[in-house]
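In this chain, numbering begins with 1 at the start of the sequence shown. Only this structure's heavy atoms are used, side chains among them; waters, hydrogens and symmetry mates stay out.
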Amino acid sequence: MSRIDRLRRLLGGLAYGGDYNPEQWPEEVHAEDVKLMREAEVNLVSLGIFSWAAVQPEPGRFEFAWLDRIMDMLADGGVRACLATMTASPPPWLSALHPEVLPERADGTRLWPGARQHYCPSSPVYREHAARLVRAVAGRYGGHPALALWHVGNEFGCHVRACYCDVSAEAFRRWLRDRYGDVGTLNDAWSTAFWSQRYASFEEVLPPRTAPTFPNPAQQVDFARFGSEEILACYLAEKAILDEVTPEVPATTNFVPLARTLDLFAWAPHLDVVSYDSYPDPHDPLAAPRAAMSYDVMRSLRGGQPFLLMEQAPGAVNWRARNAPKPRGVMRLWSWQAVAHGADAVMFFQWRQSRGGAEKYHSAMVPHGGAATRGFQEVRALGRELADRPGLAGARAPRADVAIVLDWQSWWGLEQEARPNADLRLDELLFSHYLPLYQDNVACDVVRPGDDLSGYRLVVVPNLYMVGGHDAANLERYVEGGGTLLMSFFSGIADPCDRVHLGGYPAPFRRMLGLRVEEFWPPARDAGVALSAEPGEVWPEGLAGHGSLWAEEIVPEGAATVASFAEGELAGLPAVTRHAFGRGAAWYLGTLPDPGTMRKLLRHVGREAGVRPVLPGLPDGVQARARRSADGTLWYVLLNHSAEEADVALPEPMRDDLTGADPLDRLRLAPRGVALLRPAG
Ligand code: GAL
């Protein structure tokens with residue numbers, strides 16, 4: 001039996017629970033914890049994430065008795081543990097004995113203990129102590145009946161994205177030696193002929209520390225690669241011990257809300273299951289589509305395998321400037337949204353709201369006010385609802401019609417200074433392309449540019465700045481073979497060493513796009529550029545929209561103009577083009593169209609490519625996603641994100657598993673309401 005099958009069998013359905021920090025509470029509270037966990041149908045808790053100081057109060061002494069009691073108590077109560085390796089926050093004695101484990105910022109500032117994650121990922125001292133701890137924990141609890149899953153570290157790279165200390169510098173040099181072999185190759189890759197940066201030996205190379213002006217961009221991209229791999233090495237060192245001591249127990253680590261720090265496609269093969277921490281902001285009107293996009297990334301990292309929503313807030317967080325609670329019903333709605341997108345776990349930070357410490361104003365499953373609060377009532381109701389639907393666990397999303405391309409390496413290249421526009425943010429750009437698909441209930445997978453694209457009807461490529469020959473050829477082949485592709489500006493500009501592809505922008509895609517770009521004309525901050533098009537096939541009523549962030553001079557070489565810039569230096573020149581190429585078509589955006597224009601455009605392109613929504617004709621604000629269980633049952637989760645009741649017409653009679661009502665072909669969904677539908681036939 002695979003590790004994941006074993007986990008699924010142990011849990012018997014979707015996982016439900018949260019971070020459990022019993023060391024913050026006296027023993028009498030623990031008994032109440034298990035009682036309330038049972039009431040809320042909690043079947044999994046993430047235990048011991050910040051327990052290093054509690055289990056190893058001194059370098060040579062482990063203190064496991066308290067944790068033995070907790071593990072036994074959980075086992076007796078039928079609650080499983082996602083037990084942490086406890087390495088996320090070293091105890092004060094470690095940095096007191098070895099100050100060199102503390103990380104340094106690019107400007108040389110040392111990050112002191114007193115919060116968490118205060119370690120240099122390259123520190124051999126940190127790694128050695130972490131390994132000793134992991135071995136002790138795994139040895140102690142590897143055979144414990146409560147143990148279901150290992151939780152390695154916590155949110156790697158969350159606070160310390162990179163360390164610039166001397167130890168890291170040495171590790172970076174080793175990494176560069178491995179990558180380039182000799183210093184001449186490094187000089188070439190980093191274009192060091194520029195600004196007299198030529199290195200005579202690897203010894204002279206440093207991390208991109210704070211410099212008088214822009215540090216070398218290729219060095220920055222390599223440092224980001226190194227950083228992601230170096231932090232991965234910390235994870236792998238712990239994972240190797242777990243694999244050795246408990247070969248049958250799966251391991252995971254929780255990824256932070258979508259960020260550029262770690263190349264998650266490179267990480268994902270090393271996890272048995274992907275875990276994700278999701279913190280949409282209740283004040284943000286676009287919180288639901290933003291969360292949807294990140295869930296699609298998580299589900300896609302391991303080829304559609306269900307992921308675990310390891311953390312979300314039951315109500316408010318405490319780390320934004322204004323921390324809004326989730327209005328009534330929103331916690332349930334957003335939890336079901338994660339399930340709709342492929343989550344096999346609905347977990348929270350945290351079980352019991354802390355009394356002291358930096359997170360005491362962060363909501364929890366059991367709030368300061370206890371079990372009588374609205375918070376706990378909603379937690380308990382959702383726990384029961386999920387526990388009654390074990391068949392959803394393991395169900396996979398059917399393959400989407402649309403793939404959206406995300407490449408972390410290119411992200412590192414794109415978001416630097418000294419660019420035509422230094423305000424480009426890939427996550428926002430990605431979202432601008434994702435939102436219209438979401439609004440039209442089109443499901444979407446997330447892929448790398450080099451992945452197999454053959455099954456997709458449409459591939460969307462937002463701003464793929466840095467691209468290598470293999471990946472570019474893959475995208476071109478996809479279109480040539482009959483695919484429809486939509487690419488946005490500033491794609492295919494640089495190679496993986498951030499050197500411009502010569503031969504006219506964007507050299508690797510010119511043939512496919514049927515154009516060349518002469519010059520970049522980003523508008524002023526907060527200014528836009530008007531767009532227009534005559535009524536026609538793409539814009540039946542004509543187009544009067546606007547673009548922002550970017551404009552450029554496009555010279556068509558076979559591509560047809562679909563919309564033009566309507567003002568300024570570029571007036572009358574193409575802004576959006578389409579090129580019939582091979583058996584397919586390549587669309588190109590030379591600006592970021594406003595959301596309305598983007599939606600019209602993607603709708604048209606999608607129709608041309610034969611893209612279908614998950615369910616047709618849903619009212620605005622109602623989202624649908626599908627999952628198919630191993631037994632072939634197709635489930636539709638319907639989510640009403642609006643504040644109005646929604647009247648939904650279904651394409652065939654379906655049964656709502658949540659109400660148990662007779663099969664219907666129409667459904668009224670309450671504001672923030674959820675339905676779990678199965679075709680009745
Ligand atoms: C996460 C972290 C948790 C807790 C939570 C609060 O980043 O993993 O330990 O701090 O945020 O939102």
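Of all non-hydrogen atoms in Arg320 and Pro282, the two that sit nearest each other are NH1-CD, 4.5 Å. In terms of heavy atoms, Ala292 sits closest to Gln623 at CB-NE2, 4.2 Å. Contact record, Asn154 with Gln117: O-NE2, 3.4 Å, taken as the closest heavy-atom pair. Listed here is the closest heavy atom pair of Met86 and Leu133: O-CD2, 3.7 Å. What you find for Cys163 and Pro103 is that their closest heavy atoms are SG-CA, 3.7 Å. When every heavy atom of Trp336 is checked against every heavy atom of Leu639, the shortest pair comes out as CB-CD2, 3.8 Å.
A donor-acceptor contact shorter than 3.5 Å is absent between the side chain of Glu385 and the backbone of Arg380. With His368 contributing its side chain and Gly370 its backbone, the two residues share no donor-acceptor pair below 3.5 Å. The closest donor-acceptor contact from the side chain of Arg384 to the backbone of Glu39 lies under 3.5 Å. With hydrogens and angles disregarded, no donor-acceptor distance shorter than 3.5 Å links the side chain of Tyr295 to the backbone of Val339. With Asp272 contributing its side chain and Ala251 its backbone, the two residues share a donor-acceptor pair below 3.5 Å. Between the side chain of Arg302 and the backbone N or O of Leu271 there is at least one donor-acceptor pair closer than 3.5 Å. A donor-acceptor contact shorter than 3.5 Å links the side chain of Ser642 to the backbone of Glu644. Counting only distance, with no hydrogens or angles, the side chain of Asn43 and the backbone of Leu10 share no donor-acceptor pair below 3.5 Å.
Contact of the Tyr276 side chain with the Pro257 side chain is registered, since non-hydrogen atoms from C-beta on lie closer than 4.5 Å. Using a 4.5 Å heavy-atom threshold, the side chains of Trp635 and Arg389 count as separate. Using a 4.5 Å heavy-atom cutoff, the side chains of Leu83 and Met71 are in contact. The side-chain heavy atoms of Val137 and Arg140, taken from C-beta on, include no pair separated by under 4.5 Å. Put simply, the side chain of Tyr434 does not reach to within 4.5 Å of the side chain of Arg290, judged on heavy atoms. The shortest distance between side-chain heavy atoms of Leu650 and Val648 falls below 4.5 Å. Using a 4.5 Å heavy-atom threshold, the side chains of Val29 and Gln24 count as separate. The closest side-chain heavy-atom distance from Met347 to Leu308 is not below 4.5 Å.
When each of Arg299, Arg396, Arg627 is checked for a salt bridge (charged side-chain N to carboxylate O under 4.0 Å, His left out) with Asp344, only Arg627 meets the rule.
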**Item:** side chain to side chain contact (heavy atoms under 4.5 Å, CB included) assessment of Leu301 paired with Trp267
**Value:** CA-CA 9 Å; Leu301 288 175; Trp267 274 64; over 6 Å; no
**Item:** CA sep, side-chain torsions, deciding dist, call: Glu27, Arg69, side chain to side chain contact (heavy atoms under 4.5 Å, CB included)
**Value:** CA-CA 10 Å; Glu27 259 178 58; Arg69 270 197 311 279; 3.2 Å; yes
**Request:** Could you give me the CA-CA distance, side-chain angles and deciding distance for Asp243 and Arg3, then say whether salt bridge (Lys or Arg N to Asp or Glu O under 4.0 Å) is met?
**Result:** CA-CA 11 Å; Asp243 285 348; Arg3 290 173 173 182; 3.0 Å; yes
**Request:** I would like to know whether Asp33 and Tyr20 meet side-chain hydrogen bond (donor to acceptor under 3.5 Å, both in side chains); could you show each step before the answer?
**Result:** CA-CA 9 Å; Asp33 284 335; Tyr20 183 35; 2.7 Å; yes
**Asked** Is there a side chain to side chain contact (heavy atoms under 4.5 Å, CB included) between Arg260 and Asp427 once you walk through the steps?
**Response** CA-CA 8 Å; Arg260 70 178 196 154; Asp427 48 352; over 6 Å; no
**Request:** Tell me, with the steps shown, if Glu359 and Ser354 meet side-chain hydrogen bond (donor to acceptor under 3.5 Å, both in side chains).
**Result:** CA-CA 7 Å; Glu359 296 190 314; Ser354 300; over 6 Å; no
**Prompt:** Does the side chain to side chain contact (heavy atoms under 4.5 Å, CB included) test come out yes or no for Thr261 and Val256, once each step is laid out?
**Reply:** CA-CA 9 Å; Thr261 316; Val256 298; 5.8 Å; no
**Request:** Begin with the C-alpha distance, continue with both residues' side-chain angles, and end with the deciding distance and a verdict on side-chain hydrogen bond (donor to acceptor under 3.5 Å, both in side chains) for His144 and Asp72.
**Result:** CA-CA 8 Å; His144 197 284; Asp72 293 349; 2.7 Å; yes
**Request:** Assess whether side-chain hydrogen bond (donor to acceptor under 3.5 Å, both in side chains) is satisfied between His362 and Gln350, documenting all intermediate values.
**Result:** CA-CA 8 Å; His362 192 293; Gln350 62 176 328; over 6 Å; no
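Stacking of Arg399 on the aromatic ring of Tyr456 is recorded, both the 6.0 Å distance cut-off and the 45° axial limit being met.
With salt bridges taken as basic N to acidic carboxylate O contacts below 4.0 Å, one links Asp440 and Arg599.
Rounding to the nearest 0.5 Å places CD of Gln337 at 10.0 Å from CD of Gln312. Atom CG in Leu426 sits 12.0 Å away from atom CH2 in Trp412 (nearest 0.5 Å). If you take CE on Met1 and CZ on Arg8, they are separated by 11.5 Å, rounding to the nearest 0.5 Å. The CZ atom of Phe255 sits 10.5 Å away from the CG atom of Asp277 when rounded to the nearest 0.5 Å. Here the straight-line distance linking atom CG of Leu386 with atom CG of Leu14 works out to 6.0 Å at 0.5 Å rounding. Rounding to the nearest 0.5 angstrom, the gap separating the CG atom in Leu264 from the CG atom in Leu406 is 8.5 Å.
In this structure, His270 has its ring center at least 6.0 angstrom away from the ring center of Tyr235.
Aromatic ring pairs are classed by plane angle as parallel below 30°, tilted from 30° to 60° and perpendicular above 60°; the pair His641 and Tyr438 is tilted. Ring planes of Tyr126 and Trp52: tilted class, angle from 30 to 60°.
With hydrogens and angles left out, the side-chain atoms of Trp150 and Thr246 include a donor and acceptor closer than 3.5 Å.
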